Amino acid sequence: MYNKKEHIVIVWFKRDLRLEDNEAISNAIASGKRILLLYVFEELLLNDTHYSKRHWDFIKQSIVAINTKLQSYNTQVLAVQSDMISVMNKLQELFFIDTVYSHQETGILITYQRDKKFNRYCKNNKIKWIENINNGVQRGIQNRLDWGIQWEDYMKTNTYKFNPQKENFISNEVIENINKHFKTVSLHTILKTPFQKGGRQMALRYKASFFEERYQNYASDISKPQGSRTGCSRLSPYFAWGNLSIREVWQEAKALRKVSPKKRTLDGFMARLRWQAHFIQKFEMEYVMEKASVNKGFHKLKKKISQEFQEAWKTGNTGVPIVDACMRCLNTTGYLNFRMRAMVVSFFTHLLWQPWQEATIHLSRQFLDFEPGIHFPQLQMQAGETGINTLRIYNPIKNGLEHDPDAAFIKAWVPELASLDTRFIHEPYLMTSLEQGLYNFRLGEAYPYPIIDMKLNRKRASDTLWKLRTDKLVIEESKRILLRHTLMNRKTRSS
Ligand SMILES: Cc1cc2nc3c(=O)[nH]c(=O)nc-3n(C[C@H](O)[C@H](O)[C@H](O)COP(=O)(O)OP(=O)(O)OC[C@H]3O[C@@H](n4cnc5c(N)ncnc54)[C@H](O)[C@@H]3O)c2cc1C
């Protein structure tokens, strides 16, 4: 049973679901008080449309992996469904809670508001809340002077080893009793799915196979929709939910770089590890990006919403094969490489001329690696609404031909085109009725005509967006964004 007089500390897991290189846990151990490890399946997030079952399953698998490792310490994560303040109120009836340890979270507006509320709660209840920095993202900074150097310095610091004593933790028997006061959550998930599985062990396997072999093809495969599935690291969900820290992977890549002949490839990979924090830092410093373009000059851009276009895009029925293959693949597997993500967003915002805000929910629900701090800034950048980045209106046909030349990816995801000759698969609408007859294929029946005129719509997007870039407010805002969000001189020690 529990000793009501006991002073304990809590580690509040959020997007840091690991025991190793977890500063919050190390700080809790150093406190010398017994630790309760806590994950709250928060109703505010369970009900939030950006999240979907694939995320919750990944989280559950991550907690199961932590619990497996904790068996030898006779403890487990208290996993409950509620809101943080109700959980704390209940726990305060059972213990004296001295401190809550957690990583800083750069989340969506509702988690930001929850954190502010929780901060007030802690103050009112005389509980210390100690939040540590997450993957080098800094809180409260006003510009990026020296940010690159500081990020790199952070990456070079020692990782935290998980090496506690059994006595550091509240025991399993006590947690069983605590459970009775809460709505607990079954951590069971179906493992036979097309998604990457959560948990530290899986993360380590992906990391090992990447550094042992797969990274060799990183540079050549990164833009290919099919090749990237093995040539890229595939570590993004493990970073997004915290099964791995960026620091431990960066240090391993740096060590490998010393002995590997593929130094430039590893430089490319390590630069992307920095982009992870670079994008999250933008969002940390400008959280309004969840709803509105960071460049206020673009707020005057009005696009007519078409549910029909949006539905065709979401379900992979636009009549543009590479776009449809990407969307179907994403919906089924939770993954797309960077270039194809950028391309489908460009298709949505430029060619279908839909507001980027209308794409956020569908994409965040599908991306297994949904990370708000990358997701929202990337969407705006790809939509061409930052004013500071090169405007890229992707030509889907050109991208398909370049990165899926034998149409293997399209054939896999748009099977209705699989029997066509490769030269028609990228543009089935170019087939004459005679050719359609030869392949026993009827455009408009087996597969839709393109829902838009790509050439015409590309021109409209290009003309409108280039014109807007000469707008006074867009220019003023671009200057502000450059000062606040760009890396001055792109200074880093390794570059
Ligand atoms: C519209 C759009 C939305 C995106 N949303 C997300 C998201 O929610 N979560 C997410 O993790 N990534 C997002 N990305 C970035 C990128 O596409 C993925 O990080 C990458 O494809 C993941 O695959 P990987 O782990 O194999 O990457 P690798 O190429 O192996 O890169 C290693 C790591 O670097 C980071 N990284 C790579 N590319 C980028 C990038 N362009 N920007 C920031 N960090 C990067 C990721 O953490 C990634 O795991 C988005 C990109 C676009 C265009």
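Order of listing sets the numbers, starting from 1, for every ligand and every atom in it. Being a predicted model, the structure only gives us computed values, none of them experimental. What you see below is based on every heavy atom in this structure, not just the backbone, and it leaves out hydrogens, waters and symmetry mates.
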Worksheet entry | Lys/Arg N to Asp/Glu carboxylate O, R264 vs D267, below 4.0 Å |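 Between D267 and R264 there is no salt bridge, as every charged N stays at least 4.0 Å from the carboxylate O atoms.
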query = Which atom pair, heavy atoms only, marks the closest approach of S236 to Y335?
reply =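 Taking S236 first and Y335 second, the nearest heavy atoms are OG-CE1, 4.4 Å.
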For D16, side-chain contact (heavy atoms from CB on, under 4.5 Å) partners two or more places apart: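 Partners of D16 by the side-chain contact (heavy atoms from CB on, under 4.5 Å) criterion, ordered by chain and then number, come out as F13, K14, R18, N22, H103.
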According to side-chain contact (heavy atoms from CB on, under 4.5 Å), who are the partners of K411, at least two apart in sequence or on a separate chain?
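For K411, the residues satisfying side-chain contact (heavy atoms from CB on, under 4.5 Å) (neighbours in sequence not counted) are A418, T422, I425.
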Check each protein residue for a heavy atom under 4.0 Å from ligand 1 and list those that pass, ordered by chain and number.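 Ligand 1 pocket, heavy atoms under 4.0 Å: Y218, C232, S233, R234, L235, S236, F239, F269, R272, L273, W275, Q276, F279, Y335, L336, N337, F338, R341, A342, V345, F367, D369, F370, E371, I374, H375, Q378, Q382.
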Aromatic F210 / basic K207 pairing, under 6.0 angstrom, 45° off normal: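 No, cation not above the ring by the 6.0 Å, 45° rule.
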Partners of S462 by side chain to side chain donor-acceptor pair (under 3.5 Å), sequence neighbours excluded?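 If we apply the side chain to side chain donor-acceptor pair (under 3.5 Å) test to S462, skipping adjacent residues, there are no hits.
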